[in-house]
Protein chains: 2
Amino acid sequence: MLLLKELPTPKSLEKFAARYPDTDIQAISDFVSLLRASADISQALDRLLARYGLLQGRWWILVLLLRQDNLSSSPTDLAEKAGVTKASITGFIDSLEREGFVQRLPSADDRRKYQIRLTAAGLQKLDEIIPDYNRKIAGLMSALSLDERHDLLSLMKRLVANLEAMQ
Amino acid sequence: MLLLKELPTPKSLEKFAARYPDTDIQAISDFVSLLRASADISQALDRLLARYGLLQGRWWILVLLLRQDNLSSSPTDLAEKAGVTKASITGFIDSLEREGFVQRLPSADDRRKYQIRLTAAGLQKLDEIIPDYNRKIAGLMSALSLDERHDLLSLMKRLVANLEAMQ
DNA sequence: ACAAAACATTATGGTTCCTAACTAGATGGA
DNA sequence: TCCATCTAGTTAGGAACCATAATGTTTTGT
């Protein structure tokens, strides 16, 4: 994710507004700052996961599997929950299987289907990461009180709810 | 960006906390929700830009050039401002140059250097996108009052300031 | 003069993600 | 029953984004 280090300055915003007169400078400036802060947070997570040889793609697949009762799920289900195509899931599974973190198990009732199951090694990997992850995330979020976090999420969700206006 | 559609449910969080006892469930849940909202917003921008054949990488490079006085900058400067390596900038410039949006101009004083300049076509492309971009972003941000936006950014910045605690 | 530093590129590869085409298997109606 | 159709998953091919390492060229500093 390209993360703009250089936020717009008052001077560059003026210049921008001069060329594009109807600009709501404040809105643009706030939007860019928000994107930048979001990207910083996402990148920090990437850095944390990278210490364990993962990035967000494969991490979230492992987390989705951990949530399941029998630590397993189907590619189609994972695709829906992760918000990517089935073809993309195949790639993630290939990569995770190569490292021994998941297994493809044939389905008893339908021979087209597979169950993707977290292996003992995959669970062990999560056991290695998650205590650290928990500590780091709790540390991060402790910058805000519970009420402030609630406000933050509520404001973000109102923005997200208004995204359709962007289409 | 893999965007987890399926946020943790109370049940899956319980399960999580059972295996990892010191979990601050609320912190994890808030963090994941925040990432998800951020990703939604970033994706909406991608979709907007995609209608004009751009994605965020090349878009931000064009915006950085637009901010410059003579619509030009050096690869090194762009790399710093965009937060990527110079090698990555070379790729962006190659792609933008192929489409005629920027030009590489030799530098008068130093033959190692180039100036990357926005061409007339590049400026025209921005003129095509930015009025729509302005309208859409203003529409999005209008979901919140100025005070609320200020609060949102202030909360986000406090989180970002605490990111070092994650390392 | 010459070593060191700076600028940009090339080479190479990894990750994430897509669409389109395909195979294998299941299903449902004639 | 049989065949068209649907579903599950993979393969093929490619694009965007981004990094490290090595390289060539030019400038700078001593």
Side-chain angles (χ1 to χ4, degrees), chain A residues 1-5 39 42-43 45-47 49-50 52-62 64 72-99 101-117, chain B residues 1-5 35 39 42-43 45-47 49-50 52-62 72-99 101-117:
Chain A
M1 170 189 349
L2 193 149
L3 183 162
L4 218 46
K5 293 288 175 200
S42 181
Q43 250 189 13
L45 176 59
D46 279 335
R47 273 198 299 274
L49 296 175
Y52 298 97
L54 292 176
L55 286 173
Q56 285 191 52
R58 293 185 299 165
W59 161 254
W60 290 123
I61 301 296
L62 292 179
L64 281 173
S72 37
S73 183
S74 68
T76 296
D77 182 53
L78 288 175
E80 277 164 18
K81 289 179 175 167
V84 295
T85 61
K86 283 185 294 177
S88 300
I89 291 293
T90 297
F92 285 125
I93 300 303
D94 284 348
S95 153
L96 287 170
E97 196 177 36
R98 263 197 305 278
E99 299 200 54
F101 297 150
V102 305
Q103 255 182 316
R104 282 179 166 92
L105 298 175
S107 178
D109 57 317
D110 187 332
R111 292 201 294 167
R112 292 170 306 179
K113 293 189 190 170
Y114 288 94
Q115 284 295 104
I116 311 302
R117 184 154 76 196
Chain B
M1 170 188 348
L2 192 150
L3 184 162
L4 218 46
K5 293 288 175 201
L35 274 185
S42 182
Q43 249 188 14
L45 176 59
D46 279 335
R47 274 197 299 273
L49 296 175
Y52 299 96
L54 291 176
L55 286 174
Q56 286 191 49
R58 293 185 299 165
W59 160 254
W60 292 122
I61 301 295
L62 291 178
S72 37
S73 183
S74 67
T76 296
D77 182 53
L78 288 176
E80 277 164 16
K81 289 179 174 168
V84 295
T85 62
K86 284 184 291 179
S88 299
I89 292 293
T90 297
F92 285 125
I93 300 304
D94 285 348
S95 154
L96 288 169
E97 197 177 35
R98 262 197 305 277
E99 299 200 54
F101 298 149
V102 305
Q103 256 182 316
R104 280 179 168 92
L105 299 175
S107 178
D109 57 317
D110 187 331
R111 294 200 294 169
R112 291 168 307 180
K113 294 186 189 172
Y114 287 94
Q115 284 295 103
I116 311 302
R117 184 154 79 196

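Values in this document were obtained by computation on a predicted structure and should not be read as measured data. Residue numbering restarts at 1 for every chain, and letters A, B, ... go by the order of the sequence lines.
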Rounded distance [0.5 Å steps], CH2 in A:W59 versus CG in A:L45: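 Those atoms lie 7.5 Å apart.
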
Contact list for DNA chain D against residues 106-114 of chain A - heavy-atom distance below 4.0 Å: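 Output list: A:R112, A:K113, A:Y114.
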
Residue met sooner reading DNA chain C from 5', once B:G91 and A:S95 are mapped to nucleotides: B:G91

Between C:dT9 (C1') and B:I116 (CD1): distance, integer Å: 12 Å

Nucleotide C:dC7, atom P - distance to CZ of B:R104 in whole Å: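 Interatomic distance, CZ of B:R104 to P of C:dC7: 16 Å.
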
Non-hydrogen side-chain atoms of A:I89 and A:T76 separated by less than 4.5 Å: no

Close side-chain approach of A:T90 to A:P75, heavy-atom, < 4.5 Å: no

Contact residues, residues 73-87 of chain B to DNA chain C [heavy atom, < 4.0 Å]: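 Only B:S74, B:P75, B:T76, B:K86, B:A87 qualify.
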
Set of salt bridge (charged side-chain N to carboxylate O under 4.0 Å, His left out) partners for A:R112, sequence neighbours left out: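 With neighbours one apart ignored, the set is A:D110.
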
Salt bridge (charged side-chain N to carboxylate O under 4.0 Å, His left out) against B:K113, all qualifying residues, sequence neighbours excluded: none

Sequence neighbours excluded - salt bridge (charged side-chain N to carboxylate O under 4.0 Å, His left out) pairs with any residue from residues 88-97 of chain B: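 Pairs touching residues 88-97 of chain B that pass the test: B:D94-B:R104, B:E97-B:R104.
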
Range on DNA chain D touched by chain A, heavy atoms, distance below 4.0 Å: D:dT7 to D:dC18

Phosphate OP1/OP2 of C:dT9: any B:T90 side-chain N/O under 4.0 Å: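 Indeed, a polar side-chain atom of B:T90 lies that close.
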
